[in-house]
Engineer: 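A single structure is presented below for examination.
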Amino acid sequence: MITPVSLRAIGTIHSEHKDPGKIPIQSVYAGGCRGTVHVLPEFEEGLKDIEGFSHLFLIYHFHCSGPADMLVRPFLQDEKRGVFATRTPRRPNPLGLSIVELVRREANVLYIDNTDILDGTPVLDIKPYISRFDCIETTRCGWQDEVDDETAKRLGRRL
């Protein structure tokens, strides 16, 4: 039996991105796209020491995504792929994950760059990016290995 899961937003992400069709497809293509994370005051104490990290993982709810499809056409290819082999927002559990640069913190507000997130998105969790743990040097990237860097950069920015 699967145990029910209940999550609650800890704050809201604000960005310049108002149109879902114009958001960069990943934070690596969102340099210069600034945003803020407004953490609810009751969670502000949990931000202690976050200023020591240059980058953060934001875990958030794709609150405007449509119903899940098991086969999707990813942004960088026309071939249908399994939803779990893509980063589409149309997922059975519409959770997003972005690595953003922490510019500064003011009380319960985090100022960020590399924001590839729709304005008004509920943030569920924040975790520090730690290169000792999170940087994997040798990887296989499935169908993404078929996409050349220039095509990915051109299609990824979408602005």
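Predicted, not measured: the structure shown is a model, and the values here were computed from it.
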Engineer: So, using salt bridge (charged side-chain N to carboxylate O under 4.0 Å, His left out) as the criterion, who are the partners of D119 when residues are at least two apart?
Structural biologist: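 For D119, the residues satisfying salt bridge (charged side-chain N to carboxylate O under 4.0 Å, His left out) (neighbours in sequence not counted) are K18.
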
Engineer: Where is the tightest heavy-atom contact between V100 and D113, given as atom of each residue plus distance?
Structural biologist: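 Shortest heavy-atom contact: CB-O, 3.4 Å.
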
Engineer: Between OG1 of T115 and NE2 of H17, what distance do you get to the nearest 0.5 Å?
Structural biologist: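 Here the interatomic distance stands at 6.0 Å.
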
Engineer: How would you list all residue pairs meeting ring-ring contact (aromatic ring centres under 6.0 Å, His included) that involve residues 96-131, not counting sequence neighbours?
Structural biologist: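 The answer is F57-Y129.
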
Engineer: Would you name the heavy atoms of M70 and P92 that are closest together and state the gap between them?
Structural biologist: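 Reported closest heavy-atom pair: CE-CG, 3.6 Å.
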
Engineer: Under the side chain to side chain donor-acceptor pair (under 3.5 Å) test, which residues partner S15, sequence neighbours left out?
Structural biologist: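 S15 satisfies side chain to side chain donor-acceptor pair (under 3.5 Å) with no other residue.
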
Engineer: Show the nearest heavy-atom pair for residues P67 and R90, with the distance to one decimal.
Structural biologist: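 Looking at all heavy atoms of both residues, the closest pair is O-NE, 2.9 Å.
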
Engineer: Let me check something: do F53 and V109 share a hydrophobic cluster, defined by ILVMFWY side-chain heavy atoms less than 4.5 Å apart, either directly or through other members?
Structural biologist: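 Hydrophobic grouping puts F53 apart from V109.
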
Engineer: Taking side chain as C-beta onward, heavy atoms only, is N93 less than 4.5 Å from V5?
Structural biologist: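 N93 vs V5: side chains apart.
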
Engineer: Do L97 and R87 come close enough that some side-chain heavy atom pair is under 4.5 Å?
Structural biologist: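 The answer is no; the side chains never approach within 4.5 Å.
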
Engineer: Is there a path of hydrophobic side-chain contacts, each under 4.5 Å between heavy atoms, that joins V123 and V103?
Structural biologist: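 Not linked; separate clusters.
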
Engineer: Please report the shortest heavy-atom distance between V83 and T88, naming the atom on each side.
Structural biologist: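 In this case the closest contact between V83 and T88 is CG2-CG2, 3.5 Å.
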
Engineer: Side-chain heavy atoms under 4.5 angstrom apart, residues restricted to Ile, Leu, Val, Met, Phe, Trp, Tyr: same cluster for I59 and F133?
Structural biologist: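 Different hydrophobic clusters.
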
Engineer: How far apart are the closest heavy atoms of P94 and P89, and which atoms are they?
Structural biologist: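 Minimum heavy-atom separation between P94 and P89: CB-O, 3.9 Å.
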
Engineer: In the structure I gave you, are the side-chain heavy atoms of C64 and L118 within less than 4.5 Å of one another anywhere?
Structural biologist: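 Side-chain contact under 4.5 Å: yes.
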
Engineer: Got a donor-acceptor contact below 3.5 angstrom from the R73 side chain to the E79 backbone?
Structural biologist: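 Side chain of R73 to backbone of E79, a donor-acceptor pair under 3.5 Å: no, none is there.
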
Engineer: What is the distance from atom CD1 of I10 to atom CD of E42, rounded to the nearest 0.5 Å?
Structural biologist: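 If we round to the nearest 0.5 Å, I10:CD1 and E42:CD are 10.0 Å apart.
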
Engineer: Which value, rounded to the nearest 0.5 Å, describes the distance between L47 atom CG and N108 atom CG?
Structural biologist: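 These two atoms lie 7.5 Å from each other.
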
Engineer: Should the pair F62 and Y60 be assigned to parallel (<30°), tilted (30 to 60°) or perpendicular (>60°) ring geometry?
Structural biologist: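 Rings of F62 and Y60: perpendicular, as their planes differ by over 60°.
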
Engineer: Does any non-hydrogen side-chain atom of I99 lie less than 4.5 Å from one of L56?
Structural biologist: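 In short, these two side chains do not touch, never coming nearer than 4.5 Å.
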
Engineer: The criterion is salt bridge (charged side-chain N to carboxylate O under 4.0 Å, His left out); which residues satisfy it with K127, sequence neighbours excluded?
Structural biologist: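 In terms of salt bridge (charged side-chain N to carboxylate O under 4.0 Å, His left out), with neighbours along the sequence ignored, K127 is linked to D125.
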
Engineer: Report all side-chain donor-acceptor pairs from residues 33-41 shorter than 3.5 Å, counting only partners two or more places apart or in another chain.
Structural biologist:
from: T36; atom 1: OG1; to: H38; atom 2: NE2; distance (Å): 3.1

Engineer: Is there a path from L7 to F43 through hydrophobic residues (I, L, V, M, F, W, Y) whose side chains come within less than 4.5 Å of each other?
Structural biologist: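 Shared cluster, no.
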
Engineer: Please list all pairs passing the side chain to side chain donor-acceptor pair (under 3.5 Å) test where one or both residues lie in residues 45-59, with sequence neighbours left out.
Structural biologist: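 Every pair satisfying side chain to side chain donor-acceptor pair (under 3.5 Å) with a residue in residues 45-59: E51-R105.
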
Engineer: Check whether any side-chain heavy atom of I112 lies under 4.5 Å from a side-chain heavy atom of L58, and answer yes or no.
Structural biologist: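 Yes - at least one pair of side-chain heavy atoms lies under 4.5 Å apart.
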
Engineer: If every non-hydrogen atom of K80 is compared with every non-hydrogen atom of L71, which pair is closest and at what distance?
Structural biologist: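 Scanning both residues completely, I find the closest heavy atoms to be CD-CB, 4.2 Å.
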
